Protein chains: 2
Amino acid sequence: MRQKTVRANIKDVASVAGVSTQTVSRVINERPDVSPETRKRVKEVIEQVGYRPSALARSLISQRSHTLGVVIAGLKYIGPSNVLSGIASAAEEAGYSLLLKELPRFDANDIEPIFQALFSRHVDGIIWAVSEVGKNRNWVNAPPLDIEIPLVYLTMEPQKKLSVVSINNYMGGRLAASHLLEQGYRHIGHIAGPLEWWEARQRMAAWKDVLNEAGIEVQANHWVEGNWSSSSGALAVEKLFEQYPEMDSIFVANDQMALSALQVIHQKGLSIPEDIGVVGFDNIPESAYFWPSLTTVQQDQYHVAKAAVEEIIKIIESDWQGLPPTGPHTIMLEPSLVVRRSSSRLESIKLENTNNKGGGLV
Amino acid sequence: MRQKTVRANIKDVASVAGVSTQTVSRVINERPDVSPETRKRVKEVIEQVGYRPSALARSLISQRSHTLGVVIAGLKYIGPSNVLSGIASAAEEAGYSLLLKELPRFDANDIEPIFQALFSRHVDGIIWAVSEVGKNRNWVNAPPLDIEIPLVYLTMEPQKKLSVVSINNYMGGRLAASHLLEQGYRHIGHIAGPLEWWEARQRMAAWKDVLNEAGIEVQANHWVEGNWSSSSGALAVEKLFEQYPEMDSIFVANDQMALSALQVIHQKGLSIPEDIGVVGFDNIPESAYFWPSLTTVQQDQYHVAKAAVEEIIKIIESDWQGLPPTGPHTIMLEPSLVVRRSSSRLESIKLENTNNKGGGLV
DNA sequence: GTGAAAGCGCTAACAG
DNA sequence: CTGTTAGCGCTTTCAC
């Protein structure tokens with residue numbers, strides 16, 4: 001019972017204006033070779049009948065959709081949604097639309113239908129914005145279909161043959177651990193993210209390296225694995241206190257876990273940062289209002305996302321212009337440290353000097 | 001310098017299989033009227049040449065894209081991203097793709113290009129998932145273009161002629177205020193969200209009504225307006241203490257502001273919930289780990305979103321089947337109260353009885 | 001400057 | 001059961 005199309009099409013415009021469809025086409029594409037009068041008349045008719053060119057028909061013939069596929073997971077978490085926000089605004093700015101697919105899980109491996117759906121809608125490129133977790137990158141060197149379009153990955157171990165854009169998690173971990181050393185802490189524990197995650201492994205490796213370089217031996221009882229959630233953080237910190245009683249500070253792999261760590265430490269009657277220093281990772285907006293305000297590593301997801309969009313559009317445009325394909329790039333953005341109360345044992349530290357978002361209540 | 005199309009199309013399949021394109025079409029659409037042998041052969045060829053039907057071409061001819069437009073704002077906040085997550089999974093389940101547009105601001109009013117972009121890509125329906133803020137609904141009764149496709153709004157004042165899906169914010173506010181009364185608090189202050197927001201007005205109105213019904217007079221100095229952010233919450237609570245010294249509890253319009261309220265109250269040396277009770281709104285995952293854990297109103301954004309998708313798909317399918325258009329619906333989902341430590345002055349209260357997400361550390 | 005014809009990849013309608 | 005013809009809405013030759 002499909003109804004006949006109601007919206008005006010190029011033919012309607014042509015016949016009302018008394019010209020051919022080609023002429024209308026020329027007008028809407030702002031081509032030079034149309035006489036001013038004709039152009040004016042056609043434009044009026046377009047206004048009048050409310051004509052809107054069909055991007056679908058255009059894509060079909062031009063083989064370009066000006067649409068990017070975005071694959072993401074965990075939108076209910078703040079990180080991925082920041083990423084998506086960055087992708088959306090960068091794409092908008094560049095005149096591209098976004099076709100969104102959310103994976104049901106971070107380590108979903110049934111990706112073929114995803115690619116199918118995106119290909120069949122002729123996206124010009126794909127941004128794979130799912131963090132590297134477990135074996136969810138197994139397919140990258142043996143893709144499910146021939147991927148003949150640009151593909152940029154967000155947040156994964158750089159690989160020669162792939163375009164990857166990521167925050168440098170390892171450097172972030174180093175910032176955190178080094179800072180605790182500078183503050184005079186020497187027994188620095190670690191609450192890791194789930195080690196299936198590349199990001200968690202990087203942060204942990206940095207912590208180890210920094211301590212080793214300072215001549216401090218890292219032992220198996222000095223760290224515990226969490227799962228990013230606040231509840232896992234609470235369990236982890238309890239365990240850490242048990243197995244590492246000399247501990248005087250903790251580098252926690254994200255702010256959510258750090259939040260519950262703060263709470264457990266309070267309950268033990270210990271004071272922060274005097275007895276125990278705490279540093280988190282992410283700089284979620286609330287962390288400035290934790291009690292005490294949380295020192296943390298700032299990673300700018302929004303700009304990583306922008307960089308990814310810019311990269312993919314560069315590739316698309318250049319290979320549409322027949323330019324030689326630029327080889328795959330790796331782009332690593334550097335995180336920064338936001339120093340707040342939870343780690344500031346030395347009074348000389350100036351708080352919030354790396355962050356303009358308004359200070360915590362110290 | 002556009003390259004000739006590389007991907008196999010229906011003609012290629014047809015000629016390799018030695019049948020007409022029509023037969024191939026019948027096979028990919030699982031039509032019954034194809035002989036088993038032909039079907040088998042065609043399917044083999046499809047496999048072999050890696051043929052993927054073009055959704056674009058199909059949409060063009062069938063006038064259906066199986067794509068939904070989603071317009072949203074503030075993706076970097078947790079609420080909107082939860083909403084989007086719900087929309088994404090419900091759409092996926094129903095076999096629809098999503099074309100995403102993020103508005104640069106909640107009260108953006110330059111919506112015509114948004115509609116253009118969505119229409120020109122022939123979306124089957126639009127979910128307007130931007131909260132009602134200020135005058136950003138001015139256009140609903142005089143749309144920028146003829147909107148001939150289903151449109152469902154999320155989170156706005158119900159209107160007779162529109163399909164609206166929302167959490168019942170007013171009831172949420174009532175739950176919060178009533179709970180504080182039950183706990184024996186009598187001087188209940190309020191930190192409102194920005195009153196440009198419909199949701200903020202609803203929550204505030206409920207607070208007023210509940211107090212009035214209990215015979216408590218609400219005065220202008222009993223509330224302060226914030227802007228949803230933690231920093232505004234800190235300022236608001238300071239101001240509230242000044243202008244309403246007898247205050248013994250606060251209903252805060254979201255959890256972020258409640259977080260900084262807790263912090264300020266601590267700094268004043270007051271104890272929660274004994275001296276001051278606090279109730280928030282949203283139930284963000286961290287709120288169970290605030291200090292003390294936060295009583296709050298749970299609104300299930302994810303399910304609101306699902307309801308919206310189901311509603312719009314119902315409309316789409318029914319008017320594609322030529323059924324009489326079902327009139328616009330209003331769907332209101334009820335929030336629930338999650339009782340935690342920050343408001344539990346009476347010991348008899350059982351904590352966390354309405355929430356299965358694992359308790360706060362009380 | 002402008003138009004006619006062909007076709008992007010697919011499906012509806014009708015033959016046979 | 002299967003093929004032919006036409007055409008979705010647009011753009012790209014190539015005439016005139």
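The sequence lines fix the lettering, A, B, ..., with proteins before strands; numbering per chain opens at 1. Remember, it's a predicted structure, so these values are computed and weren't measured experimentally.
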Can you find a side-chain donor-acceptor pair between A:Arg137 and A:Asn109 that sits under 3.5 Å?
no
Any A:Gln63 side-chain N or O less than 4.0 Å from OP1/OP2 of C:dG9:
yes
Take atom CZ of B:Arg121 and atom C1' of D:dG9, then tell me their distance rounded to the nearest Å.
15 Å
Taking CZ from B:Phe119 and C1' from D:dG9, how many angstroms apart are they, rounded to a whole number?
17 Å
Is it the case that the side chains of B:Ser97 and A:Lys101 hold a donor-acceptor pair, with the cut-off being a distance below 3.5 Å and no angle test?
yes
Using 4.0 Å as the upper bound for N to carboxylate O, is an ion pair formed by A:Glu44 and A:Lys40?
yes
Under 4.0 Å between a Lys/Arg side-chain N and an Asp/Glu carboxylate O for B:Glu148 and A:Arg7?
no
NZ/NE/NH1/NH2 to OD/OE distance under 4.0 Å, B:Lys43 and B:Glu30
yes
Between B:Ser85 and A:Glu102, is any side-chain donor less than 3.5 angstrom from a side-chain acceptor?
yes
Can you give me the bend angle of the helix from C:dG1-D:dC16 to C:dG16-D:dC1? Use the axis through the first five pairs and the one through the last five, nearest 10 degrees.
40°
Could you check how far CG of A:Leu60 sits from C1' of C:dC8, rounded to whole Å?
4 Å
Does a side chain donor of either B:Tyr153 or B:Ser166 reach within less than 3.5 Å of an acceptor in the other side chain?
no
Does a donor on one side chain sit under 3.5 Å from an acceptor on the other, for A:Ser65 and A:Ser59?
no
Table of protein N/O atoms under 3.5 Å from nucleotides 3-7 of chain D N/O atoms:
residue: D:dG3; atom: OP2; partner: B:Ser20; partner atom: N; Å: 3.0
residue: D:dG3; atom: OP2; partner: B:Ser20; partner atom: OG; Å: 3.2
residue: D:dG3; atom: OP2; partner: B:Thr23; partner atom: OG1; Å: 2.7
residue: D:dG3; atom: N7; partner: B:Arg26; partner atom: NH1; Å: 3.3
residue: D:dG3; atom: O6; partner: B:Arg26; partner atom: NH2; Å: 2.4

Do the charged groups of B:Asp33 and B:Arg31 touch, with an N to O distance under 4.0 Å?
no
Taking only side-chain nitrogens and oxygens of A:Ser25, does any of them come within less than 4.0 Å of OP1 or OP2 of D:dT11?
yes
Is a donor from one side chain sitting under 3.5 angstrom from an acceptor on the other, for A:Arg58 and A:Asn29?
yes
Could you state the atom-to-atom distance from NE2 of B:His122 to C1' of D:dC10 in whole Å?
10 Å
Would you say the side chains of B:His122 and B:Thr67 form a donor-acceptor pair under 3.5 Å?
no
Residues of residues 27-46 of chain B with any non-hydrogen atom less than 4.0 angstrom from an atom of DNA chain D: list those, numerically ordered, please.
B:Asp33, B:Val34, B:Ser35, B:Thr38
